[in-house]
Amino acid sequence: MTRILNADGTQPAPAPPGSPGRSAVMDCGLYVDGRRRPGEWHYAEALAAARRERGFVWIGLHEPALAEMSDIAETFGLHELAVEDAVKARQRPKLERFGEVSFLALRTARYCEHDELTENSEVVETGQVMLFIGPNFVISVRHGDACRLAPVRADLEARHELLAHGPWAVAYAVTDRVVDLYLEVADRLEDDLDVLEADVFDPQGSGRIQRIYQMKRELVEFKRAVAPLQRPLLTLTTQANRDVPHEVRRYFRDVQDHLSRTVEQVNSYDDLLNSILQARLAQVTVDQNNDMRKIAAWAAIAAVWTAIAGIYGMNFENMPELKMTYGYPVVLALMLASSLALYRWFRRNGWL
């Protein structure tokens, strides 16, 4: 196969998603009886072959442009509203039905590695995967890199018995991968929360509130991806749903169990983070009270000197001890003794 090289002999960089001349089709496979037919297929040819041989087509798209998605929609008979959702990729997790085609939108999530949690750290990266599931096809549309589908395809192609159940087996495999990533993110978030909690209660720790708020924002973003998926999965596992094969519904129930565990973890993390935030705010209030007590104690000590000096600065003729030879050092000694007595009293009561 010939390769087009740059002038310096290197391979050209791949075109970014959505750029002119770039195809969004990452893979197109024809599956019959749970096995992939060899060769490269155009999606229109693959769909015609799938209808003849009672198989199905799986097309993988990555951030398709509207023009290419419209051509695919015309070939497969997709509803324009679902196509618009797939291109814009700003959907909550949901399951809709347009005629014989089901539209499943998923929010993907991936944990972002970081050496230290700061007020600007990105902890959770989210994306979106949308599936069009029809009688003879499944179209996966991926936005972002939070969940790559090539490993899902490879694993599923090795499970011929499951793949033989048709397009809904692909929907299960993709959903299972998305939820497994949820579990990984939840476990890693727990480590970050442990570090954050230890730092807040460490006497030498910084415990910056900005870090807690940043973690709170990242957790809210993750929760928006996880929690709304419960209703679509519940719909897919009910007996009233005749679209999903009975055997595949069993697999979806396993995914639903994993999702329920993740939702419980996220809710507990949210409660824990609120507790950490309240504890830190209480610490700030206590620190402020301690500072105010110290300021008040030093002000009381200084007031002794100010009061005595103020009285003797009024310049009256008939004042006590004005004619005393050692009056000046006696008054200074009185000021110093009073200050020391107040200092000891404040120290004993924990004000200083």
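Please read all numbers here as calculations on a predicted model, not as lab measurements.
Rounding to the nearest 0.5 Å gives a distance of 10.5 Å between CZ of R36 and CH2 of W41. Interatomic distance, L196 CG to L189 CG, rounded to the nearest 0.5 Å: 11.5 Å. To the nearest 0.5 Å, atoms CD1 (I212) and CG (L219) are separated by 13.0 Å. Of the inter-residue distances, the one linking I72 atom CD1 with L78 atom CG reads 8.5 Å to the nearest 0.5 angstrom. From L149, atom CG reaches atom OG of S140 across 5.0 Å, with rounding to the nearest 0.5 Å. Q265 contributes atom CD, which lies 11.5 Å from atom OG of S260 (distance to the nearest 0.5 angstrom).
Salt-bridge formation is detected for the pair D270/K216: a Lys NZ or Arg NE/NH1/NH2 atom is positioned less than 4.0 Å from an Asp or Glu carboxylate oxygen. Salt bridge annotation for K94-D85: present, with a cationic side-chain nitrogen under 4.0 angstrom from a carboxylate oxygen. The existence of a salt bridge linking D199 and R211 is confirmed by a sub-4.0 Å separation between a basic side-chain nitrogen and an acidic carboxylate oxygen. Under a 4.0 Å N-O distance rule, the pair R261/E264 does not qualify as a salt bridge.
Among the candidates V152, L163, L162, I139, the single residue satisfying the side-chain contact (heavy atoms from CB on, under 4.5 Å) test with V170 is L163.
Using modelled atom types, one side-chain atom of E63 and one backbone atom of G144 make a donor-acceptor pair closer than 3.5 Å. A side-chain donor-acceptor contact under 3.5 Å links H160 to the backbone of G34. With hydrogens and angles ignored, the 3.5 Å screen pairs a side-chain donor or acceptor of H143 with a backbone N or O of A86. A donor-acceptor pair under 3.5 Å is formed between the side chain of S121 and the backbone N or O of E116. Here the side chain of E68 pairs a donor or acceptor atom with the backbone of A24 at under 3.5 angstrom. R110 places a side-chain N or O within 3.5 Å of a backbone atom of D145 that can act as its donor or acceptor partner. Judged by distance alone, with hydrogens and angles left aside, the side-chain atoms of E157 form no donor-acceptor pair with the main-chain N or O of A154 at under 3.5 Å. A distance-only check finds a donor-acceptor pair linking the side chain of T75 to the backbone of D71 [under 3.5 Å]. Between the side chain of D176 and the backbone N or O of Y172 there is no donor-acceptor pair closer than 3.5 Å.
When only modelled atom types and interatomic distance are considered, Y111 and D192 share a side-chain donor-acceptor pair under 3.5 Å.
Counting non-hydrogen atoms of other residues, nucleotides and ligands closer than 6.0 Å to CD of E122 gives a total above 12.
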Next on the checklist: Please determine whether salt bridge (charged side-chain N to carboxylate O under 4.0 Å, His left out) holds for the pair R188 and E184, giving the CA-CA distance in whole Å, both sets of side-chain angles, and the decisive distance to 0.1 Å.
Outcome noted: CA-CA 6 Å; R188 300 297 297 276; E184 294 180 11; over 6 Å; no
Next on the checklist: Does E218 form a side-chain hydrogen bond (donor to acceptor under 3.5 Å, both in side chains) with Q214? I'd like the steps, not just the answer.
Outcome noted: CA-CA 6 Å; E218 296 293 317; Q214 175 65 18; 3.2 Å; yes
Checklist entry - Do F56 and F137 pass the ring pair (Phe, Tyr, Trp, His ring centres under 6.0 Å) test, and can you show the C-alpha distance, the side-chain angles, and the key distance before you say yes or no? => result CA-CA 5 Å; F56 71 93; F137 65 88; 9.9 Å; no
Checklist entry - Which is it for R97 and D243 under the salt bridge (charged side-chain N to carboxylate O under 4.0 Å, His left out) test, yes or no, and what are the steps along the way? => result CA-CA 10 Å; R97 184 176 177 84; D243 296 329; 2.4 Å; yes
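The aromatic rings of F76 and Y43 are tilted relative to each other, their planes meeting at an angle between 30° and 60°.
Smallest separation of non-hydrogen atoms from P232 and P228: CD-O, 3.1 Å. For the residue pair C28 and I59, the shortest heavy atom distance occurs at SG-CG1, 4.0 Å. Considering every non-hydrogen atom in both H165 and P245, the closest pair reads O-CG, 3.9 Å. Between A73 and V83, the shortest heavy-atom contact is CB-CG2, 3.4 Å. Considering all non-hydrogen atoms of both residues, Y269 and A186 come closest at OH-O, 2.9 Å. Across all their heavy atoms, A171 and F252 have their closest contact at C-CZ, 3.9 Å.
Inter-residue side-chain proximity for Y251 and R249 is flagged as unmet; no heavy-atom pair is nearer than 4.5 Å. Using a 4.5 Å heavy-atom threshold, the side chains of F222 and Y182 count as touching. Counting heavy atoms from C-beta on, the side chains of E53 and R37 come closer than 4.5 Å. With contacts defined as side-chain heavy-atom distances shorter than 4.5 Å, the pair V141/V87 does not qualify. Counting heavy atoms from C-beta outward, L61 and R142 have side chains that stay 4.5 Å or more apart.
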